[in-house]
Amino acid sequence: MSSTLPPRRLGILAAMHDELAGLLAQMGPDAVVHRIGLRDYHVGELYGQACVLVLARIGKVAAAATTVTLIREFGVDRIVFTGLAGGIGPGVRVGDVVVGQTLVQHDMDARPLFARHEVPLLGRASFETDAALNARLRASALAYVAEEMSTDIDAATRADFGIDVPVVHDGLIASGDTFVHAAGMASSLLDALPEVLCVEMEGAAVAQICHEYAVPCAVLRTVSDRADSTASVDFRAFLERVASVYAVGILRRFLQGA
Ligand code: SAH
């Protein structure tokens, strides 16, 4: 029997073009593109690592479908989601980074048949990400914000977004098919899930699929807004001016350290 191990391949997903554009540019023209179900899967090397990059589109269904395709069609053995999020935990500010240790679907509610947030028939409400991937992402994010962020993003842009010294958090992320854009929405979410650091629309779907297929995964989020009445303006500006820079800065270190 051959002792050769199959090649390792990392799947990287994002919800929006600006979150992925910088990484796609780094992959270069040699990447082979496969189009499946309205998505382009870019197969190639990124900083020396075999990767598949894909724009998943927005929301839990889109993220789940894309994650299954990454696992079944492309045989990825680890998955990282990168994107933006609204900070709702105290002290989670625009420009901070959140590494999701646990993910929950805040809009899952099959009461009275199942407990609030529990995913029916899976017997659980929350999904853990992979400790080793998280440790490497956290180290990469800390190094990026300490050493590189202030040269990548000029002082005027940092001032516009109020980014001073970004904090790297790890903990609970809540996902749901809602753009949270009012203080009242954020506070009722916090009432139900007091530990939540930030809110987004895909991570828990990726984590659920990775749990079902026993594939290690991680969710990396940069905080673009505070999920309040200025969220949509802050989010769009951050997406255009900052999102891709952070994703490349952190994931380059992550991949080079692999
Ligand atoms: N295309 C639309 C909607 C983007 S939805 C637009 O440009 O306005 C927001 C995306 O960023 C989702 O992929 C979600 O995961 C993340 N996100 C950032 N801030 C969020 C917030 N306050 N609430 C929910 N998701 C948020």
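Atoms within each ligand, like the ligands themselves, are counted from 1 in listed order. Because the structure is a prediction, the values reported are computed rather than measured.
With respect to atom 3 (C) of ligand 1, the closest heavy atom belonging to the protein is Ile58 CD1, 4.0 Å. In this structure, atom 16 (C) of ligand 1 lies nearest to the protein heavy atom Leu84 O, 3.3 Å. The shortest contact between atom 10 (C) of ligand 1 and any protein heavy atom is with Met16 CE, 3.4 Å.
For the pair His211 (side chain) and Ile209 (backbone), a donor-acceptor distance under 3.5 Å is absent.
Asp154 and Thr157 share a side-chain donor-acceptor pair at under 3.5 Å. Remark: the His169 side chain and the Asp96 side chain contain an N/O donor-acceptor pair separated by less than 3.5 Å. Under 3.5 Å, the side chains of Glu212 and Gln208 contain a donor-acceptor pair of N or O atoms.
Between Arg226 and ligand 1 there is no heavy-atom distance shorter than 4.0 Å. Using a non-hydrogen distance threshold of 4.0 Å, Thr178 registers as a contact of ligand 1. At a 4.0 Å cut-off, at least one heavy atom of Ala85 sits close enough to ligand 1 to count as contact.
Across Glu200, Glu202, His106, heavy-atom proximity to atom 12 (C) of ligand 1 is greatest for Glu202. One option in Phe238, Phe235, Phe179 has a heavy atom closer to atom 4 (C) of ligand 1 than any other, and that option is Phe235. Within the set Arg236, Met201, Glu19, the minimum heavy-atom distance to atom 14 (C) of ligand 1 is found for Met201.
For ligand 1, the atoms sitting less than 4.0 Å from at least one non-hydrogen atom of Ala227 are 22 (N), numbered in the order shown with element in parentheses. Close approach of ligand 1 to Ser224 is summarised as follows: ligand atoms under 4.0 Å from at least one heavy atom of the residue are 18 (C), 19 (N). Under a 4.0 Å criterion applied to the non-hydrogen atoms of Ala15, ligand 1 contributes the atoms 13 (O). Residue Asp225 has at least one heavy-atom neighbour below 4.0 Å for each of these atoms of ligand 1: 18 (C), 19 (N), 20 (C), 21 (C), 22 (N).
Within the 4.0 Å heavy-atom criterion, neither part of His17 lies near ligand 1.
The pair Arg93-Asp164 fails the salt-bridge criterion, with no side-chain N (NZ, NE, NH1 or NH2) lying under 4.0 Å from an Asp/Glu carboxylate O. Ionic pairing of Asp107 and Lys60 is present here: one or more N-O contacts between side-chain nitrogen and carboxylate oxygen are shorter than 4.0 angstrom. We find that Glu45 and Arg9 are not joined by a salt bridge, their nearest charged nitrogen and carboxylate oxygen being 4.0 Å or further apart. Note on Asp130 versus Arg78: no salt bridge recorded, every NZ/NE/NH1/NH2 to OD/OE distance being 4.0 Å or above.
Note: Phe74 and Tyr41 have parallel aromatic rings, judged against thresholds of 30 and 60 degrees for the angle between ring planes.
The cationic atom of Arg136 (NZ for Lys, CZ for Arg) lies less than 6.0 Å from the six-membered ring centre of Phe254 and within 45° of the ring axis.
At least one N/O-N/O distance between Val180 and ligand 1 falls below 3.5 Å.
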